[in-house]
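The structure displayed is predicted, hence computed values, not measured ones.
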Amino acid sequence: MLRSARIFIAMPLIMIAGVSLNGSALAEGGGSAPMSAPMPSTPLTPEEKATLAYNAGVRLIKDADAELADAAKATEPKKQQKFQDRAQKYFSKAQAKFESAVELKPDMYQAWNYVGYSKRNLRDYSGALAAYDRALTLNPRYFEAIEYRGHAYLGLNRIDDAKRAYLDLFAGNRALADQLLVAMQSWVGARRSDAQGMDGAALQEFAKWVDERSSIATKTAGLAPESNTARWH
């Protein structure tokens, strides 16, 4: 689910002097003196280019998530597949935008987070984890990356790592912890239908842990400080 909004920076003004409405100087003899040629625009800095790439990627992620939502609502397998295929194309394009952003500005942790998000939705879980790790190296308290990384751990059946991700969020951002817990409940249901290499005993133990954490979360919901609510940038 898309959370981070676009990043805004002060972009340089493009100064154009002496240009008519159709972009050309007035013809000589037309009652006015010839106008000067357009001044060149100020070149964008690498940071500005990175921001533009990031914002373009965010728009593509929004499109991809919308396609997945349509796929979830579709009742016909062909329509579901069509929406899913469109989503995959958007995620692939978004990944390229975010990778361009971090190439231009390697410390843009938000873009690294979305490199991971794109790769995870393209089923490249190992690549997603590497991107999330990079984001969290740059900003260890970037809770969105912690939650997203938890989803990637689930995709790889790394339930102990997923547990740690949840506990980190429970201590630092209860809203995102709740969202990861919902994903864990869905994951348990999916693995019960199709184990995908998950050991049955380990699955049952994890399911019990998820139920216990759900009970604790419900009982302590009113105790979470306001600062622990999700931040939507």
Does the pair Asp161/Lys163 count as a salt bridge with the N-to-O cut at 4.0 Å? no

Gap separating the CE atom of Met108 from the CG atom of Asn139, nearest 0.5 angstrom: 13.5 Å

Please check this pair: side chain of Ser214 against backbone of Val210, looking for a donor-acceptor N/O pair closer than 3.5 Å. no

Set out, in order, the CA-CA distance, both residues' side-chain angles and the distance that settles side chain to side chain contact (heavy atoms under 4.5 Å, CB included) for Arg120 and Tyr125, then state yes or no. CA-CA 5 Å; Arg120 175 164 62 84; Tyr125 295 112; 3.9 Å; yes

Which atom of Leu154 lies closest to which atom of Ala162, heavy atoms considered: CD2-CB, 3.8 Å

Kindly compute the distance separating CD (Glu103) from NZ (Lys49), expressed to the nearest 0.5 Å. 11.0 Å

Looking at every heavy atom in both Gly127 and Asp124, which two are closest together, and how far apart are they? N-OD1, 3.0 Å

Got more than 12 heavy atoms from elsewhere within 6.0 Å of NZ, Lys105? yes

Under 3.5 Å, is there a donor-acceptor pair between the side chain of Ser186 and the main chain of Val182? yes

Under the rule for side chain to side chain contact (heavy atoms under 4.5 Å, CB included), what residues qualify as partners of Ala74, not counting sequence neighbours? Lys79, Gln80, Phe83

Indicate yes or no for a side-chain donor-acceptor contact from Arg174 to the backbone of Ala217 under 3.5 Å, with no hydrogens or angles considered. yes

Going hydrophobic residue to hydrophobic residue with side-chain gaps under 4.5 angstrom, can you get from Tyr90 over to Tyr114? no

Tell me who clusters with Leu104, hydrophobic residues only, linked when side chains sit under 4.5 Å apart either directly or through other members. none

Is Trp112 reaching over with its side chain to a backbone N or O of Ala130, donor-acceptor style, under 3.5 angstrom? no

Distance, nearest 0.5 Å, that separates CD of Gln204 from CZ of Arg192: 5.0 Å

Going by the rule ring pair (Phe, Tyr, Trp, His ring centres under 6.0 Å), which residues pair with Tyr153 if we only count those two or more places apart in sequence or in a different chain? none

Does Asp65 form a side-chain hydrogen bond (donor to acceptor under 3.5 Å, both in side chains) with Tyr117? I'd like the steps, not just the answer. CA-CA 11 Å; Asp65 284 344; Tyr117 185 80; 2.9 Å; yes

Run the salt-bridge test on Asp70 and Lys73 with the 4.0 Å N-O cut-off and return the result as yes or no. yes

With sequence neighbours left out, the residues meeting side chain to side chain contact (heavy atoms under 4.5 Å, CB included) with Asp133 are Arg149

Nearest atoms (heavy-atom pairs only) where His151 meets Ala183: CE1-CB, 3.1 Å

Could you check Lys82 against Lys78 for side chain to side chain contact (heavy atoms under 4.5 Å, CB included), going step by step and ending with a plain yes or no? CA-CA 6 Å; Lys82 181 178 71 173; Lys78 287 186 178 180; over 6 Å; no

When rounded to the nearest 0.5 angstrom, what distance separates CD1 in Ile216 from CG in Leu181? 10.0 Å

Evaluate Val58 against Phe98 for side chain to side chain contact (heavy atoms under 4.5 Å, CB included), listing each step before the verdict. CA-CA 9 Å; Val58 167; Phe98 294 125; 4.2 Å; yes

Measure from NZ or CZ of Arg213 to the centre of the six-membered ring of Phe170, then state whether that distance is under 6.0 Å and the direction lies within 45° of the axis. yes

Please assess Ile159 against Glu205 for the test side chain to side chain contact (heavy atoms under 4.5 Å, CB included), listing each intermediate value before the final yes or no. CA-CA 10 Å; Ile159 55 177; Glu205 181 181 350; over 6 Å; no

Same hydrophobic cluster for Leu60 and Val115, using side-chain heavy-atom links shorter than 4.5 Å among ILVMFWY? no

Just how far is it from atom CG of Asp63 to atom NZ of Lys93, taken to the nearest 0.5 Å? 9.5 Å

Once rounded to the nearest 0.5 Å, what's the spacing between atom CD of Gln88 and atom OG of Ser118? 10.5 Å

Output all residues satisfying ring pair (Phe, Tyr, Trp, His ring centres under 6.0 Å) with Trp187, sequence neighbours left out; order by chain, then residue number. Phe206

Which residues share a side chain to side chain contact (heavy atoms under 4.5 Å, CB included) with Gln81, sequence neighbours left out: Gln84, Asp85

Please name the pair of heavy atoms, one in Ala87 and one in Leu68, separated by the smallest distance, quoted to 0.1 Å. CB-CD2, 3.6 Å

Taking all non-hydrogen atoms of both residues, which atom of Leu169 and which atom of Phe143 are closest, and how far apart? CD2-O, 3.6 Å

For Ser100 and Ala53, the nearest pair of non-hydrogen atoms, with its separation, is OG-CB, 4.2 Å

I'd like to know if the side chain of Glu99 reaches the main chain of Ala111, judged simply by a donor and an acceptor atom lying under 3.5 Å from each other, with no hydrogens or angles considered. no

